[in-house]
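To start, the structure under review is shown below, and the notes come after it.
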Amino acid sequence: MGNDLVKRDLKHNWHPYTQMKDCEDLPPIPIAKAKGIKLYDYDGNFYYDTISSWWCNIHGHNHPKINEAIKEQVDSMGHVLFAGFTHKPAVELSEKLAGITPKDLTKVFYSDDGSTAVETALKMSIQYWQNIGETGRECFLSLDRGYHGDTVGTMSLGGADLFSKRFEKLFFRSYKAPTPYCYRCPLGREKDNCSLECLGAMEDILKDNAGKISAIIIEPLLMGAAGMIIYPAEYLEGVYKLSRKYNVHLIADEVAAGFGRTGKMFACEHAGVQPDFMCLSKGLTAGYMAMGATLTTDEVYNAFYDDHDKLKTFYHGHTFTANPLACAAASASVDVFRKEDSLENVKKINKKLRSFLDGIEDHPLVGDTRCIGAVAAIELVKDKKSKEPFGLNERIGLEIYRMGLEENLILRPLGNIVYLFLPLSTRSDELEDIIRRTTGIIKSLKAA
Ligand SMILES: Cc1ncc(COP(=O)(O)O)c(C=O)c1O
């Protein structure tokens, strides 16, 4: 069954982030079912979902409460338009989201995924300034290694990397501040002589471009696609203060970091930050369904509220906005957080992850280890002293991916960064097994 499925798959399917020729040697693995933190293929082999199915699974697969909520919803209504109509699943979910996000975030706009949640925030921010009569705000300020999605707009804000290089000519202009990548500090500081000088570089951009910048966009604390870069809460707090000082919006892209991944419900909470926009997706539906949400403040909302000027309306929407099935899944997921005390389990996961990292940091190829909440990352280098990274063509990531599969782990390194991005429901015994297997892989790596 599995083999036949792969043949049929490769006839028509073009997979994301995949050089399809690699599938000749490493075809996609057909998955028959998933339960808890394990995926099962047709031969009964299991794989620990150590990257939460692209950072979105929260409470494990096939969760009875979430399944039940979706099944109940599907019997009454699968989808209805959200312009001119509303429904209970959306009303209830918005009440819950407003209740768990920073207190000034009272309004919720639904979209389809992380990229559209970010696009929504960008467009709202730009139009807000126009609606209040400030017309020169046409740019954004982002971090030079940031990642906010794969649409042309969100790519314009991200780092110039392999993913976006081919499309650079299409990008709109945005200012880029240096990323607080402490292991490879762009300003040459070390942890013990750092006073967050990188904030000064951001401030210079804001000073020089007063009146042009609409918003700063940032991934709070955890920059996933950049290589699981984890920066200090003080930096986030500093960015927030700069946004207040220079009167620009702050967009918190919590698409990856939100919903408990960093140990708090939202990463902004680590620094007491009140963003003007918060973008959510991935964990929003516990990884069950595609959905994005952009939360904002009364102040932003009120700038669009008008009975005369049609141009003040936010003319933006997506066909599946506030899909009732996705709302039902997301609403059930928020309830599971409380019922299962998921954040308490993240504390236990984090403790074990830290001691796992302590145990491997002496390995000659381990340059840096980073950890927050249910996320642990290991940056591999050719040489510890010079921090020389592996080159793009050295394919160490692909090798580790293969080794992971042999050990029933889904490790998809980001270049030379191996990471675990675990469902919050991971049990102690499962985690110990994952750590044992991952440690074996790291220890088996030999310097060239
Ligand atoms: C921080 C961040 N923002 C936005 C996105 C884009 O989300 P999506 O892939 O759902 O469009 C991602 C995806 O990884 C992300 O990590």
Side-chain angles (χ1 to χ4, degrees), residues 15-18 49 51-58 109-125 140 142-159 161-164 167 171 174 176 179-181 215-231 236 239 250-262 266-268 270 273 275 277-295 316 318-321 323 326 329-330 370 372-375 377 410 412-415 417 419 421:
H15 291 261
Y17 289 114
T18 303
D49 193 357
I51 59 164
S52 297
S53 283
W54 258 349
W55 316 350
C56 44
N57 193 278
I58 296 279
F109 193 100
Y110 292 105
S111 57
D112 295 346
D113 50 36
S115 303
T116 53
V118 173
E119 293 273 358
T120 302
L122 300 178
K123 286 175 71 176
M124 275 185 182
S125 174
F140 297 97
S142 54
L143 294 181
D144 62 3
R145 289 178 184 258
Y147 178 78
H148 301 285
D150 278 355
T151 55
V152 175
T154 55
M155 279 193 297
S156 305
L157 306 165
D161 58 13
L162 181 67
F163 298 177
S164 58
F167 313 104
F171 296 173
S174 90
K176 301 274 163 46
T179 298
Y181 185 3
I216 303 172
I217 178 161
I218 192 162
E219 293 154 86
L221 253 51
L222 172 66
M223 299 176 68
M228 297 297 152
I229 294 174
I230 297 164
Y231 59 78
L236 179 59
V239 172
L250 179 65
I251 303 174
D253 177 354
E254 294 247 11
V255 167
F259 293 101
R261 211 61 78 166
T262 67
F266 298 101
C268 279
H270 289 276
V273 161
F277 299 93
M278 187 182 266
C279 307
L280 304 175
S281 186
K282 290 195 186 278
L284 173 60
T285 63
Y288 267 66
M289 283 185 191
M291 183 181 221
T294 306
L295 280 90
H316 179 96
H318 299 276
T319 309
F320 288 101
T321 292
N323 171 262
R370 311 189 264 275
I372 191 166
V375 180
I410 305 176
R412 276 184 64 98
L414 293 152
I417 289 131
Y419 68 92
F421 199 107

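As a basis for the values below, the full set of heavy atoms in this structure was taken, side chains included, without hydrogen atoms, waters or symmetry mates. Every number for a ligand or one of its atoms is a count from 1 in the order of the listing.
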Among all residues two or more places apart in sequence or in another chain, which pass the ring-ring contact (aromatic ring centres under 6.0 Å, His included) test with Phe109?
Phe314, His316
Angle between ring planes, Tyr17 versus Trp54, binned at 30° and 60°: parallel, tilted or perpendicular?
perpendicular
Verify whether the ring centers belonging to Tyr181 and Tyr231 lie closer than 6.0 Å.
no
Quick check on ligand 1: any N or O pairs to the protein under 3.5 Å? One line per pair.
from     : atom 1 : to     : atom 2 : distance (Å)
ligand 1 : 3 (N)  : Asp253 : OD1    : 3.2
ligand 1 : 3 (N)  : Asp253 : OD2    : 2.7
ligand 1 : 10 (O) : Gly114 : N      : 2.9
ligand 1 : 11 (O) : Ser115 : N      : 2.9
ligand 1 : 11 (O) : Ser115 : OG     : 2.6
ligand 1 : 14 (O) : Lys282 : NZ     : 3.2

So, the side chain of Asp113 versus the backbone of Ala290: is there a donor-acceptor pair under 3.5 Å, distance only?
no
Is the backbone of Gly149 close enough, under 3.5 Å, to the side chain of Thr154 for a donor and an acceptor to pair up by distance?
yes
With a 4.5 Å limit on heavy-atom distance, are the side chains of Leu122 and Phe140 in contact?
yes
